[in-house]
Amino acid sequence: MTAKLKSLYTKSIAVVLFFVLWDSLARFGLVDTFLLPTVTSMAEAAWEMMKTGELFIHIALSLKRTGLGFLVAICVSVPLGILMGWFQKLEEYLDPLLQIFRNTSVLALFPVFILVFGLGEVSKSAIVFWGCMWPSLLNTISGVKGVDPLLIKSARSMGISVPILFQKVILPAALPEIMTGIRLSAGVAVIILVAAEMLGATRGLGYFIFYAQQKYAIPDMYAGIVTISILGVLINFLLVKLENHIAAWKRYQV
Amino acid sequence: MKKISGFNFLLVIIAMTLPLVTDTAGLAAKSAEERELYEIRIPDTYDPTGVYTPYLADELGYFKEAGIKPIFTGVIPPGQHVAAVTAGTNDVGGMHINRTIVGIAGGAKIKCVVAQSETTADFPHMEFIVLEKSGIKEPQDLFGKKVGVTSVGGCHEFTPYEWLRKYTGVNDPRGKFEFVLVPTGNEETALRTGEVDVVGFHGHPIDIFERGGVRVLFDDYVVWGSVGGATPFFCREDFIKRNPEAVRRFVAAMTKTGNWLNNHQEEAKLVYAKRMGLNPNQITLMYEAPDGIIEPESVQMWMDLTLKYGEIKKAIPLDQVYTNEFNEYAKGN
């Protein structure tokens, strides 16, 4: 067995077994197919929606909403996290408020979102934004705080200016943790979609799942759920690639 | 031969034992058979201010009298009642007949056994509300407007559709106005902030009318008369087969409660408010179908509507949707 095949086997066996298990539970009547349809009937439903193009319309709209919310969240949380990680005082002042925000359920905040953002596109992205903020913010703070003081001191002893210090020492050192935060945020963005699209949506994957559930189109519902999962996996994969690319220095570390 | 690694072996073991843990749901029902009192697992209500007849039956002692021990299993969103009963985590569920029909068409093995509410002019199943100052007065004013609903399908969609169809002569009302999903509990905010022009409610939202500035645009009574708002309780088919006596007792308790409620509305508010820890004038009443009889016309009408608007592909025989055979008042019919 070549190494490549072997790694493919290692990576896929659990997933394959999971789907086989799911399918046989439904196929042999161990669970009611009304609650859990066979994998094949789900795949059929997905195929039908691909043929009509319906699925892609939902995916496109959902990607737009999550993408916008996620990008804005990253643009806010990473710079804010760097500032809070660097200026201890700032963190001491802001941290309690941010902890309260972070632990406030988006679902419970629906009235506020409607009040401030209405029921249009902005409200959906705003919910994604809210969910995405915290993992990347907290990771960025701890990444910046966690940079080895020895590195900072030695750089400073060489009379380095603060902007260069950030560029050459702090950001590269904190980058892995920042990237982890961004990946966590991306995961949240995809998961929170279902909640976001309960606000005034008429299209989108989250809406579609809710819609299929209300209409008891159970295979369709699972097709939507699995589509979201696949989307999440793909986004994570791309972010890992990006991370490897920009944090290339890690490979040369001893 | 390739050696099976410990990890893969573990996966196989997990795969083999999983089916064993999935079929424990039926146990509770079976052991109830031998007891004096039948335990029946009933969902709690998601709407604390609307009279929920199982609570009332409990308060009035009608469950005990019928030989039933109700077990309230927590709030289950109406949309999940069919799933909860099918999965065997609940013995009864109840929601609008149109959802039950679509569930059965989707493969749920359930059947309605006793009616709950029935629409009257005073107690409609749904009300569609606009702001007092809104320009929407006639059915045709609805064209191009935004209608906020908490869920899609069924009465949320068909009530405004049929209102338009009946009073404006439009053949296909779909797409003539826009539905906007509003999370439950946020209907009033959406209406008052102008995000939607009309908002649909189940029952009559007393508190919103108390705050004022709103009026009823139409309700399901003006659309269908009394057959619009049937919300019968259903059970799983094999539960009915195994426990016909439990079903009979449950039906008896519910019909007695329903009839009592219709004849003692003010008293019902007091009893109910006490249970819920609320003020009696916060309680929304319903009118219960007399003797808990499920009316074939109502089932047929919703069957036709779900077919017409494409929620089900072909009609289901009515006797697969409901039965009145456990209702003593239906004897002789």
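Letters A, B, ... are given to chains in the order of the sequence lines, protein chains preceding strands, and every chain is numbered from 1.
- Heavy-atom minimum distance, D32(A) versus G107(B): OD1-O, 4.4 Å.
- Of all the listed residues (N98(B), V196(B), I312(B), V152(B)), the one sharing the greatest number of non-hydrogen pairs under 4.5 Å with chain A is V152(B).
- Neither the backbone nor the side chain of E187(B) comes within less than 4.5 Å of any heavy atom in chain A.
- Under a cut-off of 6.0 angstrom, the local environment of NZ in K145(B) is crowded, with over 12 non-hydrogen atoms contributed by other residues, nucleotides or ligands.
- The nearest pair of heavy atoms linking L119(A) to A190(B) is CD1-CB, 4.0 Å.
- Proximity to chain B at a heavy-atom threshold of 4.5 Å picks out Y207(A), F210(A), Y211(A), Q213(A), Q214(A), K215(A), Y216(A) from residues 205-224 of chain A, in numerical order.
- Both the backbone and the side chain of T86(B) come within contact range of chain A, each with at least one heavy atom under 4.5 Å from a heavy atom of that chain.
- Comparing G185(B), G154(B), G79(B), G103(B) by heavy-atom pairs within less than 4.5 Å of chain A, the highest count is held by G103(B).
- Annotation: K308(B), atom NZ; neighbour count of heavy atoms from other residues, nucleotides and ligands within 6.0 Å is above 12.
- Within 6.0 Å of atom CZ in R192(B), more than 12 heavy atoms from other residues, nucleotides or ligands are found, so the atom counts as buried in its surroundings.
- For Q80(B), the part lying near chain A is the side chain, with the backbone staying farther off; criterion is any non-hydrogen pair under 4.5 Å.
- Between V182(B) and F110(A) the shortest side-chain heavy-atom distance does not fall below 4.5 Å.
- Between chain A and the options N186(B), V149(B), V180(B), the largest number of non-hydrogen pairs under 4.5 Å is found for N186(B).
- Counting non-hydrogen atoms of other residues, nucleotides and ligands closer than 6.0 Å to NZ of K111(B) gives a total above 12.
- If you measure heavy-atom distances from T306(B) to chain A, you find no contacts under 4.5 Å at all.
- The shortest side-chain heavy-atom distance between L199(A) and L181(B) does not fall under the 4.5 Å cut-off.
- Most heavy-atom pairs under 4.5 Å with chain B, from the set G120(A), A195(A), P111(A): that is P111(A).
- Across all their heavy atoms, P183(B) and I114(A) have their closest contact at CD-CD1, 4.3 Å.
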